[in-house]
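Data block below; observations after.
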Amino acid sequence: MSFSDRILAWYQSHKRPLPWRETKNPYVIWLSEIILQQTRVEQGLPYFLRFVEEFPNVTNFARASEGRILRLWQGLGYYSRARNMHKASKLVLEEFSGDFPTQFQDLLRLPGVGEYTAAAISSFAANQPHAVLDGNVFRVLSRYFGIEEPINSTAGKKIFSQLADELLDRQHPGEYNQAIMDFGALQCKPKSPDCSVCPLLIDCEAYKTNRQDELPKKLKGKKSKDRYFHYFLIEQDGQVLMSQRGEEDVWANLYEFPMIESAAHMDAQEIQDLPEFQGLFKDAAPVLIGDVRKHVLSHQNIYARFYKLDVENVELAKKSHWNYFLSENLDKLAKHKLISSFIEHYFFAN
DNA sequence: AAGGCGGGGGA
DNA sequence: TCCCCAGCCTT
């Protein structure tokens, strides 16, 4: 029995029932694949259901505002995925007459669609022979063949890509791609896989040499940086002053309170003494609300403090990305987790 | 080739 | 704590 036959056989009895497996609609598959990038199935599933409900086809999606799409995406992270999807949907309308592509090379033209996603959509929607290579596949191949080359090195990517392509079942590319990813997610798990019930055990190089916990190898990234955010809650006539973040940096285009960032911890008095603060709020005095909140991202630790600020008529002209919103309308804005959880806590705590 | 980009869950 | 998750884009 070949490698692919065993994977497929395992899949027949362990396949997860997932909604995006019920369709060949490339648009729906695209939605699921973008949502699932670097995201667990359990975390992405409710978002997928909401997006399909809200935007049944690519035309609906393209006609929505970016703000509405980001709001639906709120809490899922990696927000460039949502912004790229909006661009991609417009490109599908303009370049493909609204007919969502299923060919690998066409798919690669869409912003946010790389090698993995193009292989997934083309094989699932049109049975095109392109092997997927995601975290699951890297792990399965690394262990089964005992490959020590780091999966995130240039050489590693080449080796695994070629191997994945050789192993692809060209009679059933879509089914095989689904199968090997489910196998990685459920059987050949990252931590403590139960090898005793694995159908590939007798030929698995990692099992033979007891290296399941060492493979796959991966080059380590840099350490996280610390950042200190100071947010100012400014309310006036039932309205709240909000600021939209720029295109650069984390949380691009999302809403938050006006803020100042510092390189190290500062207390309320030190904040007030900053020329930047006085330029914005003159002699107003920030009053701390609650404790510091540590918000951990994969590449940075953000220490956030919230202050209440009594200022009248902040000169909005100074900051074009500042605007007042009625507090009952804050819910309509796309906000990052730090802000949405603060608002939930502060405005709606009972 | 390396770094940036979220948030959550498991060990 | 650290690692990983149906990765992609920019420099």
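Each chain gets a letter, A, B and so on, in the order the sequences are listed, and its residues count up from 1.
Residue Trp251(A) has a polar side-chain atom (N or O) positioned under 4.0 Å from OP1 or OP2 of dG7(B). Close to dG10(B), at under 4.0 Å from its OP1 or OP2, lies no side-chain N or O of Arg40(A). OP1 or OP2 of dC3(C) lies within a sub-4.0 Å distance of a side-chain N or O belonging to Lys220(A). Between dG6(B) and Thr39(A), no contact under 4.0 Å exists linking OP1 or OP2 to a side-chain N or O. For the pair Gln38(A) and dC8(C), the criterion of a side-chain N or O lying under 4.0 Å from OP1 or OP2 is not met. Regarding contacts with the backbone of dG7(B), a side-chain N or O of His295(A) is found under 4.0 angstrom from either OP1 or OP2. At the phosphate of dG8(B), OP1 or OP2 sits under 4.0 Å from a side-chain N or O atom of Lys337(A). Taking side-chain N and O atoms only, His299(A) has no distance below 4.0 Å to OP1 or OP2 of dG4(B). At the phosphate of dG7(B), OP1 or OP2 sits under 4.0 Å from a side-chain N or O atom of Tyr79(A).
Closest approach to the Gln37(A) side chain among dC8(C), dC4(C), dA6(C) is made by dC8(C) (side chain taken as heavy atoms from C-beta onward). The side chain of Asn84(A) approaches dC9(C) more closely than any other nucleotide in the set dG4(B), dC5(C), dC9(C). Ranking dC5(B), dG7(B), dA6(C) by closeness to the Asp182(A) side chain, first place goes to dA6(C). Nearest nucleotide to the Gln178(A) side chain, out of dG6(B), dC8(C), dA6(C): dA6(C).
Among the atoms of the strands shown, only primed sugar atoms or phosphate atoms (P, OP1, OP2) are found under 4.0 Å from some heavy atom of Gly75(A). Nucleic acid contact for Trp30(A): none, since no nucleic acid atom lies under 4.0 Å from a heavy atom of the residue. Arg21(A) comes within contact range of at least one nucleobase, with a heavy-atom separation under 4.0 Å. Across all strands, Leu76(A) comes closer than 4.0 Å to base atoms (heavy-atom distances). Lys157(A) comes within contact range of no nucleotide atom at all, as no heavy-atom separation falls under 4.0 Å.
Contacts between residues 121-138 of chain A and DNA chain C, defined by a heavy-atom separation under 4.0 Å, are made by Asp134(A), Gly135(A), Asn136(A).
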- Could you provide the dot-bracket string of DNA chain B, using ( ) for intrastrand pairs, [ ] for crossing pairs and | for bases paired to another strand, with Watson-Crick or G-U pairs below 3.5 Å? |||||.|||||
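You'll find the ring centres of Trp20(A) and Phe124(A) outside the 6.0 Å limit.
At a cut-off of 3.5 angstrom, counting only N and O atoms as typed in the model, there is no donor on one side facing an acceptor on the other between the side-chain of Thr117(A) and the base of dG7(C).
For the pair Arg81(A) and Tyr78(A), the NZ or CZ position fails the cation-pi test of under 6.0 Å to the six-membered ring centre and within 45 degrees of the ring normal.
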